Amino acid sequence: MTRVIEVPTHFDDRSFDTFAGGFGEWPPGEKVLVDARGTQWASPYGLIGILTAGQALAEAKREKPLLTVPTSDEVKRYWARAGFFHEAAELFELHGKVPRGGATGPSDVLLDVTPVRATEDVHGVVHKISEGASRILHGELGLEMKATLRFSMALSEACQNIVEHAGTGGWVAVQAYTFRRRLGRRVVVIAVSDAGVGFRRSLESAHAKRFGERWGDGAALEAALIQNVSRFRDPGRGQGLAFIKRFLDQWEGKISIRSGTARLSIVPPWDEDVPMNEHLPHFPGAQVQIIIPAQEVKTR
Amino acid sequence: MIQTIRIGLLLREAVAAPYRNLVTRPTGAAVRNRIEATLADSNCLTALLDFSDIELVDLSCADEVVAKLLLTVRTAYFVVLQGLREDHHEAIDHVLTHHRLAVASVPPGSRAPRLLGWVPADAREAFTCISEGGPLDVSGLCHNLDWTFSRGREALDDLAVHRLVQPVGQLYYPIQTA
């Protein structure tokens with residue numbers, strides 16, 4: 001028997017829970033078919049979410065899942081340009097015609113879908129992002145020049161969380177696009193996802209006792225993002241997320257972290273999201289999304 | 001005597017690649033170990049850490065390289081940073097403030113150091129006074145800043161604890177940076 005999981009038509013952080021719900025209990029007992037034929041658009045968060053599912057199934061020693069690629073040539077080309085199929089081919093049995101080749105010339109894809117498994121990968125990601133990030137952040141979004149370096153720092157810290165806490169590898173992708181429905185402005189989105197132990201298990205031994213019966217995925221996210229705690233006793237830990245929050249506040253950016261059955265967001269004024277979502281369908285590991293919007297021109 | 005340590009060189013040794021970004025904790029720890037090894041073989045009094053070859057310093061590396069060095073380095077050393085850009089300042093200032101530590105940094109083209117991290121406001125003022133005007137004793141500082149003797153002593157004691165001035169007898173000297 002095969003469990004068919006439909007990829008939402010418009011696949012981003014908002015529709016992610018529908019996708020996660022398709023898996024039922026983790027890991028699903030049946031063979032899995034991820035059906036993206038009807039998908040018209042996917043954010044970086046969505047793309048690496050699919051890969052995370054494939055990775056989690058592989059690590060749970062389930063049969064290699066199937067993935068039917070989008071029907072739309074335009075969507076397929078975009079996914080190919082973002083490096084998605086290159087990585088997906090390792091984790092899924094792909095069905096449907098996949099375009100060859102990657103991107104040529106300037107693109108809104110600042111960083112292809114990139115695996116993060118070790119410290120060296122973080123160096124590679126930061127090295128790769130620097131030139132394109134400046135073009136987009138300063139040139140298109142109107143952020144000050146030093147924003148590029150803060151952005152690279154945020155990316156570095158987010159990727160390091162995979163290496164240090166997940167207990168397995170993960171993925172990162174960075175893309176610029178226009179947030180028509182929610183904001184009506186250009187944004188840069190960093191998406192980071194892993195199929196690891198998640199925040200609750202990572203922090204459990206050091207912090208669960210303090211929360212008592214409240215301890216769960218939501219409390220673990222609160223401890224990490226609001227209280228800046230870490231599983232390490234080293235007092236220097238936990239500053240990465242604190243720093244990211246500080247500069248996102250300055251730029252009216254948004255960070256949200258989903259882990260297990262909960263999602264916690266620092267919500268800027270332009271967004272209508274709720275800060276804490278609990279009792280969501282379970283999904284392995286942790287998924288982080290950072291959104292940095294174009295700065296509004298101040299008029300007197 | 002001053003020992004200048006080029007962080008860019010240690011970074012290239014640590015990652016065995018031509019990267020100029022000081023990122024990740026393992027990299028920071030490897031660079032710090034190399035700094036400590038260099039200092040262990042040196043009889044210098046001041047370690048001048050030169051960041052001029054570095055493009056980016058992330059929080060993790062700022063913590064591993066600078067904060068942990070200040071926490072672990074043997075008390076005979078004075079640590080001074082040079083070649084930092086504004087965004088480097090931000091990361092290092094953030095982690096040092098978190099630990100309630102401070103370090104002197106010499107801006108490019110200047111000999112007057114600035115303080116990064118956390119010290120009480122009076123200690124910061126005393127640091128500027130001594131860095132710009134030269135060595136002072138407690139009375140001299142209090143005279144310059146119109147402070148009471150106990151206030152001046154406390155400020156200088158704070159700076160001495162943070163290794164931001166060098167006490168010699170009754171005088172407090174600016175850290176040697178050149």
Side-chain angles (χ1 to χ4, degrees), chain A residues 116-131 133-134 137-138 143-165 172 190 227-251, chain B residues 7-8 10-33 51 53-72 84-103 116-118:
Chain A
V116 177
R117 300 185 183 106
T119 294
E120 300 79 60
D121 297 326
V122 182
H123 277 277
V125 163
V126 173
H127 182 69
K128 213 167 160 184
I129 199 81
S130 48
E131 198 175 310
S134 176
L137 293 168
H138 183 61
L143 294 165
E144 70 273 28
M145 279 305 279
K146 70 178 176 186
T148 305
L149 290 146
R150 286 178 176 175
F151 177 83
S152 300
M153 282 165 66
L155 184 64
S156 168
E157 299 294 341
C159 291
Q160 284 179 68
N161 278 341
I162 297 178
V163 179
E164 299 222 322
H165 304 291
V172 57
I190 298 175
Q227 298 169 14
N228 305 318
V229 305
S230 162
R231 72 187 169 99
F232 297 104
R233 300 222 179 269
D234 177 349
R237 298 287 185 142
Q239 295 181 70
L241 284 174
F243 190 79
I244 292 172
K245 275 189 300 181
R246 197 172 83 180
F247 80 74
L248 285 179
D249 183 52
Q250 194 179 333
W251 297 337
Chain B
I7 302 299
L10 300 190
L11 170 65
R12 285 191 289 280
E13 284 174 16
V15 298
Y19 294 139
R20 290 159 55 100
N21 299 311
L22 197 54
V23 296
T24 81
R25 283 195 179 269
T27 303
V31 168
R32 187 185 71 247
N33 289 339
F51 284 77
D53 291 342
I54 298 295
E55 189 66 30
L56 173 76
V57 182
D58 75 359
L59 272 287
S60 299
C61 262
D63 190 58
E64 288 291 337
V65 176
V66 184
K68 287 202 174 139
L69 185 72
L70 293 177
L71 287 167
T72 60
L84 291 175
R85 295 198 321 248
E86 197 57 36
D87 50 283
H88 297 154
H89 280 159
E90 193 173 26
I92 292 168
D93 190 61
H94 181 92
V95 298
L96 294 184
T97 301
H98 175 81
H99 286 283
R100 294 208 152 201
L101 293 169
V103 72
L116 298 179
W118 182 89

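Since this is a predicted model, take the numbers as computed values, not measurements. In the text below, chain A, chain B and the rest are named by the order of the sequence lines, each starting its count at 1.
Inter-residue side-chain proximity for B:V15 and A:E120 is flagged as unmet; no heavy-atom pair is nearer than 4.5 Å. The side-chain heavy atoms of B:V23 and A:M153, taken from C-beta on, include no pair separated by under 4.5 Å. Residues A:H127 and B:P18 are not in side-chain contact: their nearest non-hydrogen atoms beyond the backbone lie 4.5 Å or more apart.
Rounding to the nearest 0.5 Å gives a distance of 10.5 Å between CG of B:L56 and OG1 of A:T148. For the atom pair A:L149 CG and B:D58 CG, the distance stands at 11.5 Å (nearest 0.5 Å). The OG1 atom of B:T24 lies 5.5 Å from the CD atom of A:Q160; values are rounded to the nearest 0.5 Å.
In this structure, chain B has heavy atoms under 4.5 Å from both the backbone and the side chain of A:Q239.
Interface remark: of the candidates B:E86, B:H99, B:R25, B:R25 forms the most heavy-atom pairs closer than 4.5 Å to chain A. Note: B:L59 leads B:L59, B:V57, B:D63 in heavy-atom pairs under 4.5 Å with chain A.
For residues 90-97 of chain B, a heavy-atom distance under 4.5 Å to chain A picks out B:E90, B:A91, B:H94, B:V95, given by residue number.
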